[in-house]
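Residues: numbered from 1 along the sequence shown.
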Amino acid sequence: MAGHQDASPWVPPSRDLADLETAAHECRGCELWEPATQVVFSSGARSASVMLVGEQPGDQEDRQGEPFIGPAGRVLDDALSAAAIDRGAVYLTNAVKHFRFEQRGKRRIHQKPELRHVNACHPWFDAELEAVQPRVVVALGATAARAVFGRTMKIGESRGRLLDLTQERSAIITSHPSAVLRLRGRGGYDEAFGELVNDLRLAAPYA
Ligand code: URA
Ligand code: SF4
């Protein structure tokens, strides 16, 4: 029988974010740790009421160890400002905590994580939910939505409203800032950016 591998052997019982992040540096829950520079755990405080969830760290995030600091992060920053949300007031994390890429010469090309990576990394996400206990969880894109809901969600059908996650917790599904970024300089950018901002505005009262 194939072994079921995930992050749980590395997740400590503590729900202190610093303890979790320290332990995550040792995680071998899937193979993604090996070619990556480091784990990119999260940013923000456990007191945050809004948790934003991305897909996985990108090239810059992998190098610097912080989520959403590269080009997609700048789109997210602009969208948060437009939605009147202070980035410092939210908790930012990713469904998968190591950068998945393909090396082509000197370039590292982003590769979408597979479902098994999302599942392998999920024990970290569960621990973060327990640590932060956010009122609202914002899933940025399909991979994040998969991690948040545990099943495939259609963004187009789910966005634009608060969804119930539990009795005390709502969720919002919106597009990933990278998907918006890809439209820059083409038709559709303004509309896609506007939709992202509108979805984020739903979280503003809680931030
Ligand atoms: N894209 C993500 O989903 N997360 C990051 O941290 C950076 C880019
Ligand atoms: Fe562990 Fe997640 Fe990194 Fe895989 S991607 S090694 S499960 S932290």
Side-chain angles (χ1 to χ4, degrees), residues 3-73 76-77 87-103 108-150 165-166 169 171 176-178:
H4 172 74
Q5 214 196 358
D6 73 11
S8 39
W10 287 271
V11 179
S14 166
R15 289 299 172 260
D16 179 272
L17 287 172
D19 290 346
L20 292 173
E21 177 157 7
T22 300
H25 279 85
E26 306 305 319
C27 187
R28 305 290 184 257
C30 72
E31 81 286 4
L32 295 183
W33 68 274
E34 199 162 8
T37 308
Q38 59 190 318
V39 78
V40 178
F41 196 70
S42 68
S43 68
R46 75 177 302 160
S47 57
S49 299
V50 175
M51 176 185 279
L52 262 53
V53 186
E55 179 194 73
Q56 64 170 350
D59 180 75
Q60 290 299 315
E61 290 80 11
D62 171 78
R63 293 174 197 278
Q64 299 184 51
E66 287 289 317
F68 284 108
I69 48 146
L76 180 62
D77 286 347
R87 173 167 168 153
V90 303
Y91 182 84
L92 260 180
T93 192
N94 284 301
V96 173
K97 289 171 172 52
H98 278 104
F99 178 37
R100 183 171 194 236
F101 61 94
E102 193 189 313
Q103 188 82 46
R108 304 194 302 170
I109 313 295
H110 165 275
Q111 272 194 297
K112 207 170 109 73
E114 290 172 18
L115 184 53
R116 68 191 169 88
H117 299 121
V118 176
N119 291 340
C121 221
H122 208 270
W124 292 116
F125 180 63
D126 284 336
E128 290 173 285
L129 277 179
E130 288 172 19
V132 179
Q133 300 193 27
R135 272 288 288 113
V136 184
V137 180
V138 182
L140 302 166
T143 299
R146 173 82 216 191
V148 171
F149 285 87
L165 211 51
T166 66
R169 187 168 296 151
H176 193 286
S178 296

Exercise for review: Give the intermediate values and the outcome of side chain to side chain contact (heavy atoms under 4.5 Å, CB included) for residues Val138 and Val53.
Suggested key: CA-CA 6 Å; Val138 182; Val53 186; over 6 Å; no
Exercise for review: Check the pair Asn94, Phe125 against side chain to side chain contact (heavy atoms under 4.5 Å, CB included), reporting the backbone distance first and the verdict last.
Suggested key: CA-CA 8 Å; Asn94 284 301; Phe125 180 63; over 6 Å; no
Would you mind reporting whether [Y] and [X] have side-chain heavy atoms less than 4.5 Å apart?
{"X": "His110", "Y": "Asp59", "answer": "no"}
{"X": "Leu115", "Y": "Arg146", "answer": "yes"}
{"X": "Val39", "Y": "Trp33", "answer": "no"}
{"X": "Phe99", "Y": "Arg63", "answer": "no"}
{"X": "Leu76", "Y": "Phe68", "answer": "yes"}
{"X": "Pro57", "Y": "His98", "answer": "no"}

Taking every non-hydrogen atom, the tightest pair across [X] and [Y]:
{"X": "Pro113", "Y": "Thr143", "value": "CG-CG2, 4.0 Å"}
{"X": "Ala72", "Y": "Pro177", "value": "O-CB, 3.4 Å"}
{"X": "Phe101", "Y": "Pro35", "value": "CZ-O, 3.5 Å"}
{"X": "Gly29", "Y": "Cys27", "value": "N-SG, 3.3 Å"}
{"X": "Val40", "Y": "Pro67", "value": "CG1-N, 3.4 Å"}

Exercise for review: Just do the side chain to side chain contact (heavy atoms under 4.5 Å, CB included) check on Leu20 and Phe41 with the steps written out, would you?
Suggested key: CA-CA 9 Å; Leu20 292 173; Phe41 196 70; 3.8 Å; yes
Exercise for review: Carefully, step by step, assess Arg169 and Leu129 under the rule side chain to side chain contact (heavy atoms under 4.5 Å, CB included).
Suggested key: CA-CA 11 Å; Arg169 187 168 296 151; Leu129 277 179; 3.9 Å; yes
Review point. Ring pair (Phe, Tyr, Trp, His ring centres under 6.0 Å): which pairs involve residues 5-27, sequence neighbours left out?
Key: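 Pairs touching residues 5-27 that pass the test: none.
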Exercise for review: Please list, chain by chain and in numerical order, all residues satisfying side-chain contact (heavy atoms from CB on, under 4.5 Å) with Arg100, sequence neighbours excluded.
Suggested key: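 For Arg100, the residues satisfying side-chain contact (heavy atoms from CB on, under 4.5 Å) (neighbours in sequence not counted) are Leu32, Gln56, Gln111, Glu114, His117.
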Exercise for review: Return the set of residues passing side-chain contact (heavy atoms from CB on, under 4.5 Å) with Thr22 (not counting sequence neighbours), or none when no residue passes.
Suggested key: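 Scan of Thr22 (side-chain contact (heavy atoms from CB on, under 4.5 Å), adjacent residues dropped) gives none.
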Practice item. Report the residues that fulfil salt bridge (charged side-chain N to carboxylate O under 4.0 Å, His left out) with Glu102, sequence neighbours left out, ordered by chain and then residue number. Key: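 Glu102 satisfies salt bridge (charged side-chain N to carboxylate O under 4.0 Å, His left out) with Arg104 once adjacent residues are dropped.
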Practice item. Apply salt bridge (charged side-chain N to carboxylate O under 4.0 Å, His left out) to Asp6 and list each qualifying residue two or more places apart in sequence or on a separate chain. Key: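 Residues passing salt bridge (charged side-chain N to carboxylate O under 4.0 Å, His left out) with Asp6: none at all.
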Please check this pair: side chain of [X] against backbone of [Y], looking for a donor-acceptor N/O pair closer than 3.5 Å.
{"X": "Asp62", "Y": "Thr37", "result": "yes"}
{"X": "Glu66", "Y": "Ser43", "result": "no"}
{"X": "Glu34", "Y": "Glu31", "result": "no"}

**Study point:** side chain to side chain donor-acceptor pair (under 3.5 Å) contacts in which one or both residues fall within residues 126-137, not counting sequence neighbours
**Key:**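 Pairs touching residues 126-137 that pass the test: Arg15-Glu130, Tyr91-Glu128, Thr93-Glu128, Lys97-Glu128, His122-Asp126.
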